[in-house]
Participant: 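Quick one: the structure is below, and I'll ask about it shortly.
For ligands, and for the atoms within them, numbers begin at 1 and follow the listed sequence. Quick note: numbers below take in every heavy atom, side chains included, and nothing from hydrogens, waters or symmetry partners.
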Amino acid sequence: MEYKAYTIHNFRSIPQLSILSEQELFEIEVVSQILPFKTNSYVVDELIKWDNVPEDPLFILTFPQRGMLIPEHFDIIATLLKNKADKKEISKAANEIRMQLNPHPAGQLELNVPQVSGDKLTGVQHKYLETVLFFPSQGQTCHAYCTFCFRWPQFTGIDSLKFASKETELLVKYLKSQPKASNILFTGGDPLVMSAKLLGSYIEPMLQDDLPHLETIRIGTKALSYWPYKFFADKDSEDLLEIFSKVGKSGKHLSIMAHFNHPRELKTRAVKKAIAAIRSTGAEIRTQSPILRHINDDPKLWISMWKKQVNLGCIPYYMFVARDTGAQHYFNVSLDEAVDTFRKAYSKVSGVCRTVRGPSMSAAPGKVQIIGTIDMNEEKLFLLQFLQARNPEWVNKPFFAKYNPDAVWLNDLEPALGEDKFFWEDEYNSLYDLKHEELYPNIED
Ligand SMILES: *Cc1c(COP(=O)(O)O)cnc(C)c1O
Ligand code: SF4
């Protein structure tokens with residue numbers, strides 16, 4: 001199959017879309033002025049069930065939905081388009097609306113960007129001691145865009161909002177200065193939009209003898225869902241697999257952090273072949289997904305997803321809660337529903353699927369798991385814990401919050417049992433006053 005991208009500029013040429021009304025097509029156009037829209041020939045021809053459209057979860061996964069914008073924002077853009085406003089005017093209005101959608105959740109800009117010898121490493125985030133996140137500048141796009149994506153500002157072309165780096169050299173220097181960083185996580189966008197050659201130029205420097213403390217290389221990707229041909233049918237597929245093998249041969253572990261949202265993504269011949277190809281290099285595939293209204297808010301889907309993943313040789317890893325950005329109001333489920341769905345699914349799979357953890361919020365202080373709800377002294381409570389935290393000492397220490405059936409994110413929660421703050425709050429607030437170097441002293445400087 002040939003990769004063909006569809007965006008706002010050519011999506012009307014997708015033959016299957018003839019089942020939509022002109023109004024429905026117009027709505028796609030309106031929403032995609034604000035939130036990025038891209039899908040492709042594989043998603044359209046092999047994933048979406050067109051006789052279910054417009055409710056089909058895989059349709060909703062990449063095609064913008066009217067409900068993703070609040071009516072006020074929708075109307076502003078719809079009016080401009082109907083009046084044939086000029087491009088500049090539309091993009092000005094679109095930018096103003098984007099700024100109201102919390103483009104950088106979880107303090108990503110202020111807190112996590114490290115420095116090396118006084119230079120800011122703008123393509124790097126270092127939040128948890130053992131894992132450095134790297135955003136290779138040429139992996140800041142994806143084979144298709146998920147409508148719910150919290151990284152949406154990266155795709156909208158507002159340059160100052162981009163994290164990016166060409167500077168592998170600086171990255172290596174930084175990694176050398178961080179002996180506790182045992183993991184590097186290549187992320188994006190999707191690093192596997194890059195050619196094998198380009199990817200190799202980022203990965204190979206990580207395999208040098210002088211980074212012995214770097215044990216694991218991870219690549220976060222949705223290519224298995226959006227372009228599985230990448231791994232066995234593209235012209236440089238073999239080179240890509242060769243790079244994967246090289247990591248293993250160098251004595252490091254390669255983990256593909258694959259993003260799957262729905263069991264149907266695991267059913268095509270292409271994805272099965274791709275998974276087998278990756279596994280043949282010695283790499284492991286770990287899987288993660290947020291829980292999303294309209295897409296996978298049903299325990300049956302998670303049971304099916306985790307079982308299929310394990311059968312294909314993948315390791316279920318995280319269930320996330322949708323982040324507080326972009327179209328969260330359209331996709332989010334309450335924390336209460338998330339933990340209930342997780343429990344219903346988790347309780348019906350065997351231990352081999354129970355490597356999965358969640359539901360988890362990637363919030364500013366860390367990844368917070370909702371363990372469950374309990375009744376204590378006639379008060380209903382949420383029980384929570386950190387799976388990852390800015391301070392490793394916070395991890396795995398259960399804490400309580402008042403039960404709130406409407407809460408969708410950490411900042412909707414309040415301390416319980418007469419406490420006026422969470423145990424980590426004072427320290428977290430004091431971290432805001434620390435510069436990154438103080439959080440992660442750079443031993444070379
Ligand atoms: C999730 C995440 C990681 C990786 O966490 P693991 O629990 O080790 O998978 C690293 N850095 C940031 C900023 C993250 O959000
Ligand atoms: S593949 Fe990942 S980064 Fe790309 S749009 Fe989907 S969620 Fe966002």
Participant: Can Trp306 and Phe342 be said to form a ring-ring contact (aromatic ring centres under 6.0 Å, His included), step by step?
Facilitator: CA-CA 11 Å; Trp306 294 334; Phe342 183 88; 5.7 Å; yes
Participant: Heavy-atom contacts with Tyr145 under 4.0 Å: which atoms of ligand 2 show up? List them by number with element.
Facilitator: 5 (S)
Participant: Between Cys146 and ligand 2, find which residue part has any heavy-atom pair under 4.0 Å and reply side chain, backbone, both or neither.
Facilitator: both
Participant: What I want to find out is whether Lys197 reaches Asp239 closely enough, with some N-O distance under 4.0 Å, to be called a salt bridge.
Facilitator: no
Participant: Can you spot which of Leu185, Leu175, Asn183, Leu121 makes a side-chain contact (heavy atoms from CB on, under 4.5 Å) with Val132?
Facilitator: Leu175
Participant: Between the protein and ligand 1, are there any N or O atom pairs that come within less than 3.5 Å of each other, and if so, what are their names and distances?
Facilitator:
residue  : atom   : partner : partner atom : Å
ligand 1 : 7 (O)  : Tyr318  : OH           : 2.6
ligand 1 : 7 (O)  : Gln388  : NE2          : 3.0
ligand 1 : 8 (O)  : Arg218  : NH2          : 2.7
ligand 1 : 8 (O)  : Gln388  : NE2          : 3.1
ligand 1 : 9 (O)  : Arg218  : NH1          : 2.8
ligand 1 : 9 (O)  : Tyr317  : OH           : 2.7
ligand 1 : 15 (O) : Lys367  : NZ           : 2.9

Participant: Using the salt bridge (charged side-chain N to carboxylate O under 4.0 Å, His left out) rule, take Asp426 and Lys421 through it: C-alpha gap first, then chi angles, then the decisive distance, then the call.
Facilitator: CA-CA 8 Å; Asp426 279 342; Lys421 53 191 146 193; 3.2 Å; yes
Participant: For ligand 2, which atoms sit closer than 4.0 Å to a heavy atom of Lys222?
Facilitator: 1 (S)
Participant: Enumerate the atoms of ligand 2 whose separation from the nearest heavy atom of Cys142 is less than 4.0 angstrom.
Facilitator: 1 (S), 3 (S), 4 (Fe), 5 (S)
Participant: So, is Cys149 placed with an N/O/S atom under 2.8 Å from atom 8 (Fe) of ligand 2, counting both backbone and side chain?
Facilitator: yes
Participant: Pick, from Pro290, Ala223, Gly189, the option with the minimum heavy-atom distance to atom 3 (S) of ligand 2.
Facilitator: Gly189
Participant: Should Arg12 and Glu29 count as an ion pair when the cut-off is N to O under 4.0 Å?
Facilitator: yes
Participant: Give a yes/no verdict on whether any heavy atom in Gly188 is under 4.0 Å from an atom of ligand 2.
Facilitator: no
Participant: Whether Lys308 and Glu265 form a salt bridge (side-chain N of Lys/Arg under 4.0 Å from carboxylate O of Asp/Glu) is what I want to check.
Facilitator: no
Participant: Strictly under 6.0 Å, is that where the ring centroids of Phe422 and Tyr428 end up?
Facilitator: no
Participant: Applying side chain to side chain donor-acceptor pair (under 3.5 Å) between Asp56 and each of His262, His294, Arg264, report the one that passes.
Facilitator: Arg264
Participant: Would Gln309 and Thr287 satisfy side-chain hydrogen bond (donor to acceptor under 3.5 Å, both in side chains), going step by step from the backbone distance to the final call?
Facilitator: CA-CA 8 Å; Gln309 288 165 359; Thr287 62; 2.8 Å; yes
Participant: Just let me know how His259 lines up against ligand 2, side chain, backbone, both or neither, with a heavy-atom cut-off below 4.0 Å.
Facilitator: side chain
Participant: Looking at CH2 of Trp227 and CG of Asp234, how far apart are the two atoms once the value is rounded to the nearest 0.5 Å?
Facilitator: 6.5 Å
